[in-house]
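The structure presented is a predicted model; accordingly, all values stated were derived computationally and were not measured.
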Amino acid sequence: MSEVKEGEVRAKPEGRRRPPRGVAVLVTVVAALVVLGAVAVVVGGLFAPPRQDGAGPAASPSASATRTTAAASPTPTKPALARFDPSVPDADNLVLFGSALTKAAQSVSTQQVSAKTLTDALAAAGFSAGAMQRTADQTSANLQAPTLTVSVRLNGTCLVGQFVREDASVSTELAAPISTGACLVGQTAPVG
């Protein structure tokens with residue numbers, strides 16, 4: 001680099017000039033708003049209710065939740081199943097499945113819930129132990145598993161339930177079996 005002598009004025013290098021600071025901030029804010037708007041459109045589209053005219057995306061075959069709308073006149077509701085019934089739709093048995101898991105998880109302290117607690121409750125509700133799978137109560141590091149997953153195979157469909165120890169929550173879903181015909185992936189613990 002050459003020295004600047006006293007009295008000389010150094011010329012600014014030619015090229016792109018930086019915009020004033022206010023303009024740069026404005027451009028950054030506008031860009032962030034555009035990105036947030038695009039994310040909102042994508043997320044809103046993913047969670048939009050299905051269209052009644054059938055023109056929307058097809059419902060997933062493994063979806064277990066249904067959307068209900070208010071009817072002009074009250075419709076009688078079916079009583080909840082007290083025991084497993086192979087003659088009713090799998091979704092009706094899923095309600096019983098979830099109820100049995102929730103009651104089992106609430107019957108003991110969160111730390112005492114085991115996969116056996118869950119599968120025993122399912123057997124008491126009439127589900128066949130031979131159609132069940134469950135994950136192990138402990139991790140490969142011999143620690144208490146943070147989640148317990150159980151399943152029941154019914155007519156080519158799987159009822160899958162998961163107990164999360166952290167918040168004592170139970171979630172359930174209908175799912176297709178994996179390619180082996182099983183409902184759970186990986187090594188499972190014996191049921192019975």
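- Under the rule for a side-chain contact (heavy atoms from CB on, under 4.5 Å), the partners of Asp120 that lie at least two apart in sequence or sit in another chain are Lys116.
- Applying the disulfide (SG to SG under 2.5 Å) rule to pairs touching residues 98-154 yields nothing, sequence neighbours excluded.
- Every residue was checked against the side-chain hydrogen bond (donor to acceptor under 3.5 Å, both in side chains) condition with Thr102, not counting sequence neighbours, and none meets it.
- Not a single side-chain hydrogen bond (donor to acceptor under 3.5 Å, both in side chains) links Ser99 to another residue, sequence neighbours left out.
- Counting only heavy atoms from C-beta outward, the side chains of Phe163 and Leu101 never approach each other to under 4.5 Å.
- By the side-chain hydrogen bond (donor to acceptor under 3.5 Å, both in side chains) test, Gln112 is found to be paired with Ser109, residues two or more places apart in sequence or in another chain being considered.
- Shown here are the salt bridge (charged side-chain N to carboxylate O under 4.0 Å, His left out) partners of Asp85, two or more places apart in sequence or in another chain: there are none.
- Within the structure, the disulfide (SG to SG under 2.5 Å) test picks out no pair touching residues 91-129 (sequence neighbours left out).
- Listed by chain and residue number, nothing satisfies the side-chain hydrogen bond (donor to acceptor under 3.5 Å, both in side chains) test with Thr188 (two or more places apart in sequence, or in another chain).
- The aromatic rings of Phe127 and Phe84 lie tilted to each other, with the angle between the two planes from 30° to 60°.
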Donor-acceptor pairs are to be reported for all side-chain atoms of residues 129-136 against protein atoms at under 3.5 Å, with residues two or more places apart or in another chain.
| residue | atom | partner | partner atom | Å |
| --- | --- | --- | --- | --- |
| Gln133 | OE1 | Cys183 | N | 2.8 |
| Gln133 | OE1 | Leu184 | N | 2.9 |
| Arg134 | NE | Pro190 | O | 3.1 |
| Arg134 | NH1 | Thr119 | OG1 | 3.0 |
| Arg134 | NH2 | Pro190 | O | 2.8 |
| Thr135 | OG1 | Thr149 | N | 3.0 |
| Thr135 | OG1 | Thr149 | O | 3.4 |

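- The list of disulfide (SG to SG under 2.5 Å) pairs with a residue in residues 118-151, not counting sequence neighbours, is empty.
- The stretch residues 157-171 participates, sequence neighbours left out, in no salt bridge (Lys or Arg N to Asp or Glu O under 4.0 Å) pair at all.
- Judged as a side-chain contact (heavy atoms from CB on, under 4.5 Å), and not counting sequence neighbours, Ala124 has no contacts.
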